[in-house]
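Any value given below was found using the heavy atoms of this structure, including those in side chains, with hydrogens, waters and symmetry copies removed. Labels below follow one simple rule: chain letters A, B, ... track the order of the sequence lines, proteins then strands, and each chain is numbered from 1.
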Protein chains: 2
Amino acid sequence: MEKNSKINPPCDEKCPVRASLSLLSGKWTLMILFQINENAVRYGELKRSVTGISEKMLIQELNMLVENKLVSKKVFPEIPPKVEYRLTELGLKTLPIVDQLAQFGLENLV
Amino acid sequence: MEKNSKINPPCDEKCPVRASLSLLSGKWTLMILFQINENAVRYGELKRSVTGISEKMLIQELNMLVENKLVSKKVFPEIPPKVEYRLTELGLKTLPIVDQLAQFGLENLV
DNA sequence: TTGGGTACTTACCAAATGGTTAGAATTACT
DNA sequence: AGTAATTCTAACCATTTGGTAAGTACCCAA
């Protein structure tokens, strides 16, 4: 008989928490998703609203999010260029996570 | 008049999402909280249930969590040593975040 | 006296992450 | 001709983070 037949299964590759974190645990990731939220947001707007992020990190994260289908990108063939980002259906499903983070922060930290 | 008077305020130091992330965004942090959950859990149990974590990371994170009052630590003066960790009231309030991560993972990733 | 169990600690090194700076591309405006 | 606007890209370096391996301390059991 196992000594620790816990309620919780161990947290290996199949752990849903771990799987989500491998996608979302970057320093900026959830903040970017939070700022895009339900809108179509331009690159420059994001740069201003995610205070302190560098351009390198911002596009790097955006590319990663587009690759992982959390964010979609629409390029307008104009000069000067215009690019809009918005959450995909999958991306929208991360908003409850962000909401919980926001609530925890509001109630206990800020 | 500002061009981008968005619905969302910008994400600076007072952003509750950012504040929460500065506490919780480590690679292992939320997985550890998840594994402790509502129980009293020994160090060795955690080492086994958070698969793949090194001892160094585990105590480092645990110390950090105790310092930040998310986790409490009870040392039993026995040989061999026995130490139990459990979530504080504040720590318990992170479980909804973890739940959302788990749900997102279950529905979309695993 | 050797080994096992438990909870750490330390030192060293490797990899991941993030910041700074500069520049490219294109058109319009002055 | 020079400057501004916007969205990137690239090179370089510093910091942070994480892993490995070994060691400490204590008692018990074989």
Side-chain angles (χ1 to χ4, degrees), chain A residues 1-4 6 11-13 18 21-33 35-36 39-68 71-86, chain B residues 2-4 6 11-13 15 18 21-33 35-36 39-68 71-86:
Chain A
M1 184 101 65
E2 284 297 324
K3 195 175 177 183
N4 56 328
K6 304 279 306 174
C11 220
D12 55 15
E13 333 78 45
R18 182 179 295 217
L21 285 175
S22 78
L23 206 56
L24 303 173
S25 76
K27 178 177 176 183
W28 301 105
T29 318
L30 287 160
M31 258 186 305
I32 293 173
L33 297 175
Q35 286 296 327
I36 299 180
N39 312 299
V41 186
R42 296 186 63 177
Y43 173 83
E45 289 180 286
L46 276 176
K47 209 172 71 181
R48 280 185 295 275
S49 67
V50 182
T51 314
I53 196 172
S54 66
E55 299 201 333
K56 174 188 158 188
M57 277 301 107
L58 183 53
I59 44 131
Q60 191 172 299
E61 287 287 292
L62 285 171
N63 289 338
M64 173 283 229
L65 289 169
V66 169
E67 228 172 66
N68 287 303
V71 166
S72 65
K73 174 178 178 175
K74 185 168 179 190
V75 180
F76 295 82
E78 305 173 359
I79 294 290
K82 172 176 174 182
V83 180
E84 275 182 1
Y85 295 92
R86 57 164 64 242
Chain B
E2 285 295 324
K3 195 176 178 182
N4 55 328
K6 304 278 308 175
C11 223
D12 54 13
E13 334 78 43
C15 168
R18 182 179 293 216
L21 285 175
S22 78
L23 207 57
L24 303 173
S25 76
K27 177 177 177 184
W28 301 104
T29 317
L30 286 160
M31 258 186 306
I32 293 172
L33 297 174
Q35 286 296 326
I36 299 180
N39 312 298
V41 186
R42 297 185 62 177
Y43 173 83
E45 290 179 288
L46 276 175
K47 209 173 70 179
R48 280 185 295 275
S49 67
V50 183
T51 314
I53 196 172
S54 67
E55 299 200 334
K56 175 188 156 190
M57 276 300 108
L58 182 53
I59 44 130
Q60 191 173 298
E61 286 287 292
L62 285 171
N63 289 339
M64 173 283 233
L65 289 169
V66 169
E67 228 173 66
N68 287 302
V71 166
S72 65
K73 174 179 179 174
K74 184 169 180 189
V75 181
F76 294 82
E78 303 172 1
I79 294 291
K82 173 175 173 182
V83 180
E84 275 183 2
Y85 294 91
R86 57 164 63 243

| How would nucleotides 15-26 of chain C be written as a contact map, 5' to 3', with B for base contact, S for sugar-phosphate-only contact and - for no contact, using protein heavy atoms under 4.0 Å? | ---BBB-----B
Are [X] and [N] close enough that a side-chain N or O sits under 4.0 Å from OP1 or OP2?
X       : N     : value
B:Lys73 : C:dC8 : yes
A:Arg42 : D:dT7 : yes
A:Lys47 : D:dA5 : no

| message | Counting the atoms with a prime plus P, OP1 and OP2 as sugar-phosphate, which does A:Tyr85 contact under 4.0 Å by heavy atoms, base, sugar-phosphate, or nothing? | response |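 Sugar-phosphate only.
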Expressed as a whole number of angstroms, how long is the span from [X]:[atom1] to [N]:[atom2]?
X       : N     : atom1 : atom2 : answer
B:Ile59 : C:dA7 : CD1   : P     : 13 Å
A:Glu84 : D:dC8 : CD    : C1'   : 17 Å
A:Phe76 : D:dT7 : CZ    : C1'   : 14 Å

| request: Check A:Tyr85 against A:Leu46 and note the closest heavy-atom contact, atom names and distance. | output: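 Looking at all heavy atoms of both residues, the closest pair is CD1-CD1, 4.5 Å.
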What distance separates [X] [atom1] from [Y] [atom2], expressed to the nearest 0.5 Å?
X       : Y       : atom1 : atom2 : value
A:Ser49 : A:Arg42 : OG    : CZ    : 13.0 Å
B:Cys15 : A:Gln35 : SG    : CD    : 6.5 Å
A:Leu23 : A:Asn68 : CG    : CG    : 4.5 Å

| message | Looking at A:Glu67, I want to see if its CD is surrounded by more than 12 non-hydrogen atoms of other residues, nucleotides or ligands under 6.0 Å. | response |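 Result for CD/A:Glu67: open.
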Kindly list each side-chain donor-acceptor pair under 3.5 angstrom involving residues 54-65 of chain B, sequence neighbours excluded, with atom names and distances?
unit_1  : atom_1 : unit_2  : atom_2 : d
B:Ser54 : OG     : B:Met57 : N      : 3.3
B:Glu55 : OE2    : B:Lys47 : NZ     : 2.8
B:Glu61 : OE1    : B:Thr29 : N      : 3.4
B:Glu61 : OE1    : B:Thr29 : OG1    : 2.6
B:Asn63 : ND2    : B:Ile59 : O      : 3.3

